Amino acid sequence: MINKVVPGFDAAVADIFDGAVIFMGGFGPANGTPSNLLRALVKQGAKNLTLAANTPGYGRAPEGSQAFRKTPPNYDDGGMLIQSGQVKKVICAFPGVSRPGMLSPLHEKWEAGELEVEMVPQGTLAERIRAAKAGVGAFFIPTGAGTVMEEGKEKRVIDGREHILEYPLKADFALVRAYRADRYGNCVYQGTSRNFNSVMAGAAKVTIVEVDELVELGAIDPEIIVTPGIYVNRIVVRK
């Protein structure tokens, strides 16, 4: 019998080690960020992490400050890990913007020389992760050709257009937020939460999925499963 459900968020992230590369699903404040897994990782305390995400997020505003924007209930993002000093490098497509009168955690740490930031075009980021999942060795893509993004990269003209060589982006752990799963790890997403979550699930050595609802085997129509259970190692249910 296969049961990938772990008893809690702390147990789900307990073996994340210092220096690990972490994928974080989600897309800004849209409802697809694995907030409970992130809070557990802050509590667990692993250091020198590399965080790869579309955008790392804003973390928590100082207590008593005015809300910067609307967020889903019970929301936290990867900015928490930056604020806590656990991240040494961020790989992202959108670093975020500073709040009025306050730097974002990423900008603050980067300006202090405490954080390395690697910018990747959004589509290239998704494809580099997908390539890791599919076992692709490398790929040529036109995005970034003729810009600073091509520096140090092999170039080739394909169909009369310049392309640059990109390599897969691999991770040790993928933190993913799904809507519903069964104990095998078959997952479906809700609305925009499908975003980077479905790409990252299975692209790391260990995929940990935070779900809203755990259902019985057979309750999910096989035709609508987005992430098959073969890509999932652990499931933890939001309370």
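These numbers were taken from a predicted model, which means no experiment stands behind them.
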More than 12 heavy atoms of other groups within 6.0 Å of [X] [atom1]:
| X | atom1 | value |
| --- | --- | --- |
| Ile158 | CD1 | yes |
| Arg194 | CZ | no |
| Lys170 | NZ | no |
| Tyr167 | OH | no |

Test salt bridge (charged side-chain N to carboxylate O under 4.0 Å, His left out) on Asp15 and Arg234; report intermediate values, then the result.
CA-CA 12 Å; Asp15 61 347; Arg234 300 171 194 162; 2.6 Å; yes
So [Y] and [X], do their side chains get closer than 4.5 Å, heavy atoms only?
| X | Y | result |
| --- | --- | --- |
| Glu154 | Phe140 | yes |
| Thr227 | Val232 | yes |
| Leu165 | Lys155 | no |
| Val87 | Leu115 | yes |
| Asn197 | Tyr189 | yes |
| Trp110 | Glu116 | no |
| Met200 | Thr207 | no |
| Ile225 | Tyr184 | no |

Please give me the minimum heavy-atom distance between [X] and [Y], naming the atom from each residue.
| X | Y | value |
| --- | --- | --- |
| Pro121 | Ala93 | C-CB, 4.3 Å |
| Ser104 | Pro95 | OG-O, 4.4 Å |
| Met149 | Met119 | CE-O, 3.1 Å |
| Ser193 | Gly32 | CB-CA, 3.5 Å |
| Ile82 | Pro56 | CD1-CB, 3.9 Å |
| Ala204 | Ala174 | CB-N, 3.5 Å |

Check the pair Leu38 / Leu81 against side-chain contact (heavy atoms from CB on, under 4.5 Å), numbers first and verdict last.
CA-CA 8 Å; Leu38 292 169; Leu81 290 169; 3.9 Å; yes
Backbone N/O of [Y] and side chain of [X]: donor-acceptor pair under 3.5 Å:
| X | Y | result |
| --- | --- | --- |
| Gln86 | Asn48 | no |
| Gln44 | Ala14 | yes |
| Lys4 | Ile235 | no |
| His163 | Arg161 | yes |
| Asn186 | Ala181 | no |
| Thr55 | Phe94 | yes |
| Thr33 | Ser35 | no |
| Glu210 | Leu37 | yes |

Is it the case that one hydrophobic cluster holds both [X] and [Y], taking links as side-chain heavy atoms less than 4.5 Å apart, direct or via other members?
| X | Y | value |
| --- | --- | --- |
| Ile164 | Leu169 | no |
| Ile91 | Leu106 | no |
| Met80 | Ile16 | yes |
| Phe196 | Phe173 | no |
| Leu217 | Val5 | no |

Kindly indicate, with the supporting measurements, whether the criterion side-chain contact (heavy atoms from CB on, under 4.5 Å) is fulfilled by Arg238 and Phe9.
CA-CA 9 Å; Arg238 292 170 71 92; Phe9 294 98; 4.2 Å; yes
Sort out for me which residue in Thr50, Leu51, Leu175, Ile129 forms a side chain to side chain contact (heavy atoms under 4.5 Å, CB included) with Phe23.
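Testing Phe23 for a side chain to side chain contact (heavy atoms under 4.5 Å, CB included) against Thr50, Leu51, Leu175, Ile129 leaves exactly one candidate, Ile129.
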Electrostatic pair [X]-[Y], nearest N-O below 4.0 angstrom:
| X | Y | result |
| --- | --- | --- |
| Glu150 | Lys153 | no |
| Asp18 | Lys47 | no |
| Lys89 | Glu118 | yes |
| Arg39 | Asp77 | no |

Verify whether one side chain among Arg177 and Asn195 offers a donor that lies under 3.5 Å from an acceptor in the other.
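Their side chains do not contain a donor-acceptor pair, so the 3.5 Å distance test is not met.
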Between Lys133 and Tyr231, is NZ or CZ placed under 6.0 angstrom from the six-membered ring centre and within 45° of the ring axis?
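Verdict for Tyr231: a cation-pi partner in Lys133.
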Working for salt bridge (charged side-chain N to carboxylate O under 4.0 Å, His left out), residues Asp76 and Arg60
CA-CA 7 Å; Asp76 272 312; Arg60 288 185 176 175; 2.7 Å; yes
Gap separating the [atom1] atom of [X] from the [atom2] atom of [Y], nearest 0.5 angstrom:
| X | Y | atom1 | atom2 | value |
| --- | --- | --- | --- | --- |
| Ser198 | Arg130 | OG | CZ | 12.0 Å |
| Ile2 | Arg183 | CD1 | CZ | 8.0 Å |
| Leu41 | Ser84 | CG | OG | 8.0 Å |
| Ile220 | Glu213 | CD1 | CD | 8.5 Å |

Would you please test Ile141 and Thr143 for side-chain contact (heavy atoms from CB on, under 4.5 Å) and show each step?
CA-CA 6 Å; Ile141 190 168; Thr143 305; 4.0 Å; yes
Full working for side-chain contact (heavy atoms from CB on, under 4.5 Å) between Val226 and Cys187:
CA-CA 6 Å; Val226 178; Cys187 298; over 6 Å; no
Any residue meeting salt bridge (charged side-chain N to carboxylate O under 4.0 Å, His left out) with Asp10, in chain and number order, not counting sequence neighbours:
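Salt bridge (charged side-chain N to carboxylate O under 4.0 Å, His left out) list for Asp10, sorted by chain: Lys43.
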